[in-house]
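Okay, structure first, notes after.
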There are 2 protein chains.
Amino acid sequence: MSLVEPDDIDGGESLSLHQRILSDIREKILSGAWAPGHRIPFEHELTARYNCSRMTVNKALSQLAKAGLIERRRRSGSFVRQPQSQAAVLELHDIRIEVEALGLPYRYERLERLKRRSSAEDRGLLGLSASGPVLALESLHFAGERPFALEQRLINLSAVSEAADEDFLDIAPGPWLIGRVPWSEAEHRIRAMAADETIADALDIDAGAPCLVVERRTWSAEHPVTHVRFIYPAESHTLVARFTPSQG
Amino acid sequence: MSLVEPDDIDGGESLSLHQRILSDIREKILSGAWAPGHRIPFEHELTARYNCSRMTVNKALSQLAKAGLIERRRRSGSFVRQPQSQAAVLELHDIRIEVEALGLPYRYERLERLKRRSSAEDRGLLGLSASGPVLALESLHFAGERPFALEQRLINLSAVSEAADEDFLDIAPGPWLIGRVPWSEAEHRIRAMAADETIADALDIDAGAPCLVVERRTWSAEHPVTHVRFIYPAESHTLVARFTPSQG
DNA sequence: CGTTTCAATATGTATATACATAATCGCTAT
DNA sequence: ATAGCGATTATGTATATACATATTGAAACG
């Protein structure tokens, strides 16, 4: 039941002690050797075991607690938590990068650009309470000859006024916004949908064909910035999300 | 351009200094006041500004760096990073909880249960290299009277031998596995698909209707544990993922 | 017997200090 | 000029120490 033999301590790689303690304990938990509910050695025990100061041990344990692997209780000690609610990290790439990763030539085409006062629907999508100017954009992303995704976007001009002067013919709104607007929060909705006439037409697929729809709403410091809907033909797209419990 | 007035320092809530520094700087970055590339005050400046030790400042900055908001360079200082590649945290609930959250009665029904040696397809789905015993399960999750999701699952019996003795008539494989097997990693694939005859039949929808498919592969300490495919009728399901840049 | 009080304990936060390490600037010798 | 060298600087990691705080367990008390 020992974490490491004292002699092993200096035998490791050039990992910092802090990292060493972290990965040791994480390993114990993930391998199941320490089941949920198991009490982890007290800080002073780990201090002795690793022959280091309490601060170092404390930093490692605090980190494990923040990652949700363990729970710390004063006077009682630290305990392995029940397996957490599962959460996955979903990487949302730039469409250009995605297409180029497939080895296909990327092309972007702006279809429509309309400046208007926000309709009730616009406000619903953006999460705006009051009316104001918005920019509505519709664009196509191509992989080689075939349409890869249809993009329907709303930009809140009250939050990003410079967008009013941009025609978005040469640059897609996504890359344009990134780097210009620091975003603090985003919400995604992912669903399946049958293509209606308009969408089928744009994507060059049959009406009624299944599509994957990814909608993203972005805020920057409490202000709604943009709402975007990407529509992918089912065959062309799979989202991949990978999960590793802790962020060591 | 000052972070806080010296007098304000004690005027705050009962936040720890560490938390205080963290949220102050995060606010500056997210609000855009400190643009990407901006150099953050040196540790010794913050030390003076908050009237605290370098360790405290260092801990806060290290945390911001780990969260990806800033980049630290020796001898040069710390800088606000370019907006990172977007990543979303996708919560994957238990289906029972999901259904009950809709206010509908939940019911589970096991359709098929088959123990067999892994086929080539099974091995592909599970990520197994060698052949071995697997358990194939097909089940339906209901919301009220209507089918809510079809579950197609493979369990690697070499990793979870107890599953061979369970009939899964009264408990769904998901809840059964959770808590029994500590899982270390999972991979999700999310896509849209048209329902074929079999699926349409099980879910009581039209053949060709769009469905959302979520596939999950789970490992525990390097061993493949299970592969599951949830098929939802498009109308019944939307995945929601929310993102906040830092995990303060 | 139940309640209150108090001491012990483990974690939480902060300090001052020390030395290691990487990157940069400026000086010097070629 | 420039290649190399060393001093300087900011961060990285660790230590010993101190006191705060929440919680538990046991002793003291009504």
Side-chain angles (χ1 to χ4, degrees), chain A residues 3-4 6 8-25 29 34 37-81 247-248, chain B residues 3-4 6 8-25 29 34 37-81 247-248:
Chain A
L3 272 163
V4 289
D8 290 354
I9 291 176
D10 288 341
E13 301 301 310
S14 64
L15 279 175
S16 67
L17 242 168
H18 171 230
Q19 302 262 322
R20 178 79 187 274
I21 299 173
L22 246 161
S23 62
D24 270 13
I25 297 181
I29 295 173
W34 289 352
H38 176 95
R39 209 207 75 233
I40 283 173
F42 295 128
E43 292 188 352
H44 70 264
E45 298 181 83
L46 293 172
T47 286
R49 188 115 55 173
Y50 286 92
N51 192 35
C52 68
S53 77
R54 187 168 82 87
M55 274 304 294
T56 303
V57 169
N58 180 285
K59 224 177 136 189
L61 291 186
S62 301
Q63 203 168 324
L64 284 171
K66 195 150 60 64
L69 268 190
I70 68 173
E71 187 190 334
R72 314 200 71 194
R73 287 201 288 273
R74 277 172 160 149
R75 168 71 215 245
S76 310
S78 304
F79 300 82
V80 178
R81 291 222 313 184
Q247 47 264 67
Chain B
L3 273 164
V4 289
D8 291 352
I9 290 176
D10 287 342
E13 300 302 310
S14 65
L15 278 175
S16 66
L17 240 167
H18 171 229
Q19 300 263 322
R20 177 80 188 273
I21 298 173
L22 246 161
S23 62
D24 270 13
I25 297 181
I29 295 173
W34 288 352
H38 175 94
R39 211 208 72 234
I40 283 173
F42 295 126
E43 292 188 352
H44 70 263
E45 298 181 82
L46 293 172
T47 286
R49 188 116 54 173
Y50 286 92
N51 191 36
C52 67
S53 77
R54 186 168 82 87
M55 274 304 295
T56 303
V57 168
N58 180 284
K59 225 177 137 190
L61 290 186
S62 301
Q63 203 167 325
L64 285 171
K66 195 150 61 64
L69 267 189
I70 67 172
E71 187 189 332
R72 315 200 69 193
R73 286 201 289 274
R74 277 171 162 151
R75 168 70 215 243
S76 310
S78 305
F79 301 83
V80 178
R81 290 224 313 186
Q247 47 265 67

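Chain A is the first sequence line, chain B the second, and so forth, proteins listed ahead of strands; every chain is numbered from 1.
- Shown here are the side chain to side chain donor-acceptor pair (under 3.5 Å) partners of Arg73(B), two or more places apart in sequence or in another chain: Glu71(B).
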Polar atoms only, N or O, under 3.5 Å: list the protein pairs with nucleotides 14-18 of chain D and their distances.
from    : atom 1 : to       : atom 2 : distance (Å)
dA14(D) : OP1    : Leu17(A) : N      : 2.6
dT15(D) : OP1    : Ser53(A) : N      : 3.2
dT15(D) : OP2    : Ser53(A) : N      : 2.9
dT15(D) : OP2    : Ser53(A) : OG     : 2.7
dT15(D) : OP2    : Thr56(A) : OG1    : 2.5

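- By the side chain to side chain donor-acceptor pair (under 3.5 Å) test, Glu43(A) pairs with Arg54(A), Asn58(A), Arg72(A), sequence neighbours left out.
- Going from atom CZ of Arg72(A) over to atom P of dT21(D) covers 18 Å, rounded to whole Å.
- Qualifying side chain to side chain contact (heavy atoms under 4.5 Å, CB included) partners for Arg75(B), counting only residues two or more places apart in sequence or in other chains: none.
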Just the table, please: protein N/O against nucleotides 24-28 of chain C N/O, every pair under 3.5 Å.
from    : atom 1 : to       : atom 2 : distance (Å)
dT24(C) : O2     : Arg75(B) : NH1    : 2.9

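- Separating the CZ atom of Arg39(A) from the C1' atom of dT24(D) is a distance of 14 Å, rounded to the nearest angstrom.
- Between Glu71(A) atom CD and dA22(D) atom P there is a gap of 16 Å when expressed in whole angstrom units.
- Atom CD of Glu43(A) and atom P of dA22(D) are 17 Å apart (whole Å).
- Residues Trp34(B) and Ile25(B) share a closest heavy-atom pair of CZ3-CG2, 4.0 Å.
- Between the side chain of Gln19(B) and the main chain of Ser16(B), no donor-acceptor pair closer than 3.5 Å is present.
- The residue among His44(B) and Asn58(B) whose nearest nucleotide of DNA chain D lies closer to the 5′ end is His44(B).
- For Ile21(B) against Ala60(B), the heavy-atom pair with the smallest separation is CG2-CB, 3.9 Å.
- Across all non-hydrogen atoms, the minimal contact from Leu61(B) to Ile70(B) is O-CD1, 3.6 Å.
- Checked against side chain to side chain contact (heavy atoms under 4.5 Å, CB included), Ser23(A) has the following partners two or more places apart in sequence or in another chain: Arg26(A).
- Rounded to whole Å, atom P of dA10(D) lies 15 Å from atom CD1 of Ile70(B).
- Distance, Lys66(A) NZ to dT11(C) P: 18 Å, rounded to whole Å.
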